[in-house]
Amino acid sequence: MSEFFHMGGYAPYVWASYLLGLVVIVINLWLPWRAERQVWRQLKRRRRNEERVCESETS
């Protein structure tokens, strides 16, 4: 098992590339999720503002 983790002396390069790949995947998942949350917040804020305008026009 230790041979697997040692990877024939190339372990630092292999594990660094695995780590870098994982970081890229996490970023590719996190950024769109964050952007979607921001869009939903903006839509809710816009809807609330439009409701206020409609209420003030009818009053």
Side-chain angles (χ1 to χ4, degrees):
M1 189 67 156
S2 67
E3 288 181 26
F4 173 75
F5 289 112
H6 185 59
M7 305 236 172
Y10 294 104
Y13 307 108
V14 173
W15 292 115
S17 66
Y18 280 144
L19 180 62
L20 181 61
L22 181 63
V23 167
V24 168
I25 290 170
V26 168
I27 288 172
N28 279 328
L29 293 172
W30 180 67
L31 288 177
W33 175 77
R34 189 181 71 162
E36 182 184 19
R37 281 183 42 215
Q38 185 177 11
V39 168
W40 279 111
R41 278 192 221 123
Q42 289 174 352
L43 288 173
K44 288 177 185 178
R45 193 176 312 124
R46 191 177 300 170
R47 185 179 65 201
R48 273 188 259 125
N49 290 339
E50 288 176 359
E51 289 173 355
R52 287 183 191 141
V53 168
C54 289
E55 287 176 2
S56 67
E57 289 176 352
T58 57
S59 298

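Residue Val39 belongs to a hydrophobic cluster whose other members are Trp40, Leu43, with links defined by side-chain heavy atoms closer than 4.5 Å. Hydrophobic clustering, defined by side-chain heavy atoms of Ile, Leu, Val, Met, Phe, Trp and Tyr closer than 4.5 Å, groups Leu22 together with Val26.
Evaluation of the side-chain contact (heavy atoms from CB on, under 4.5 Å) rule for Ile25 yields Leu29 as partners, not counting sequence neighbours. Checked against side-chain contact (heavy atoms from CB on, under 4.5 Å), Tyr13 has the following partners two or more places apart in sequence or in another chain: Tyr10. For Leu20, there are no side-chain contact (heavy atoms from CB on, under 4.5 Å) partners two or more places apart in sequence or in a different chain.
Among pairs with a residue in residues 42-54, those fulfilling side chain to side chain donor-acceptor pair (under 3.5 Å) read Asn49-Arg52, at least two apart in sequence or across chains.
No chain of hydrophobic side-chain contacts below 4.5 Å, direct or via other Ile, Leu, Val, Met, Phe, Trp or Tyr residues, connects Ile27 to Val24.
No donor-acceptor pair under 3.5 Å is formed between the side chain of Trp15 and the backbone N or O of His6.
Here CE of Met7 is found 5.0 Å from OH of Tyr18. Values are rounded to the nearest 0.5 Å.
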